[in-house]
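One-based numbering, in listed order, for ligands and for the atoms of each.
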Amino acid sequence: MKVLFVCLGNICRSPLAKAVFQDLVDRNGLTSHIEVDSCGLHNFHEGDTADKRSINTALNHGLKLSHVARKIKPQEYHRYNYIIGMDDANIKALKELLPPTTKSKLFKMRYWDTTAPNADVPDPYYGGMEGFEEVYKMVSRSCQGLLEEVKGNLHL
Ligand code: 4NP
């Protein structure tokens with residue numbers, strides 16, 4: 001199973017989601033069964049490392065975040081089993097990009113957040129560290145449900 005987290009710039013939210021979900025996958029002994037990556041809808045940060053505030057938020061929670069930003073490629077619409085957008089704008093853009101046969105792969109990150117199902121993971125780029133901590137919390141709450149969903153489709 002292959003899971004791709006998508007945000008706008010691929011420097012703040014989706015790299016953090018990738019770090020949180022990868023950690024959960026590893027702790028559940030599923031590293032060789034679930035592949036995790038992240039990308040962006042835009043190329044304005046292509047080649048950049050993740051935002052320092054995402055890196056530091058991850059570190060504050062004991063997670064190492066290393067990622068180089070990139071824009072989603074058309075072949076990835078087919079390659080991944082789950083394509084997870086962070087907010088309604090991401091979902092709208094992905095709906096326009098994805099071929100009709102692949103649209104069922106598309107989910108919103110907080111689909112699995114029982115405290116506010118399907119709410120946005122807001123863009124923290126123009127705010128302070130507290131916004132990144134909020135992103136971490138929203139993503140962490142959602143990742144357990146996502147893991148259960150993905151595990152249900154693993155034929156082990
Ligand atoms: P992200 O945040 O989509 O969570 O990576 C953003 C990063 C940069 C910009 C917008 C959103 N930007 O406009 O440069």
Query - Inter- and intrachain pairs under ring-ring contact (aromatic ring centres under 6.0 Å, His included), touching residues 14-52, at least two apart - result: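 Applying ring-ring contact (aromatic ring centres under 6.0 Å, His included) to every pair that reaches into residues 14-52, excluding sequence neighbours, yields Phe5-Phe21, His42-Phe44, His45-Tyr125.
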If you measure from the Lys or Arg side-chain nitrogens to the Asp or Glu carboxylate oxygens, is any gap between [X] and [Y] under 4.0 Å?
{"X": "Lys108", "Y": "Asp88", "result": "yes"}
{"X": "Arg79", "Y": "Glu35", "result": "yes"}
{"X": "Arg53", "Y": "Glu130", "result": "no"}

Query raised in the report: For ligand 1, what is the set of protein residues having any non-hydrogen atom at a distance below 4.0 Å?
Result: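 Correct list: Cys7, Leu8, Gly9, Asn10, Ile11, Cys12, Arg13, Phe44, His45, Asp123, Tyr125, Tyr126.
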Please output the side-chain donor-acceptor pairs of residues 143-156 that fall under 3.5 Å, not counting sequence neighbours, one pair per line with the distance.
| from | atom 1 | to | atom 2 | distance (Å) |
| --- | --- | --- | --- | --- |
| Gln144 | NE2 | Glu148 | OE2 | 3.0 |
| Glu149 | OE2 | Tyr82 | OH | 2.8 |
| Asn153 | ND2 | Tyr82 | OH | 2.6 |

Report task. Only counting residues at least two apart or in another chain, list the ones meeting side-chain contact (heavy atoms from CB on, under 4.5 Å) with Pro99. Result ->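 Applying side-chain contact (heavy atoms from CB on, under 4.5 Å) to Pro99 gives Tyr77, His78, Thr101, Thr102.
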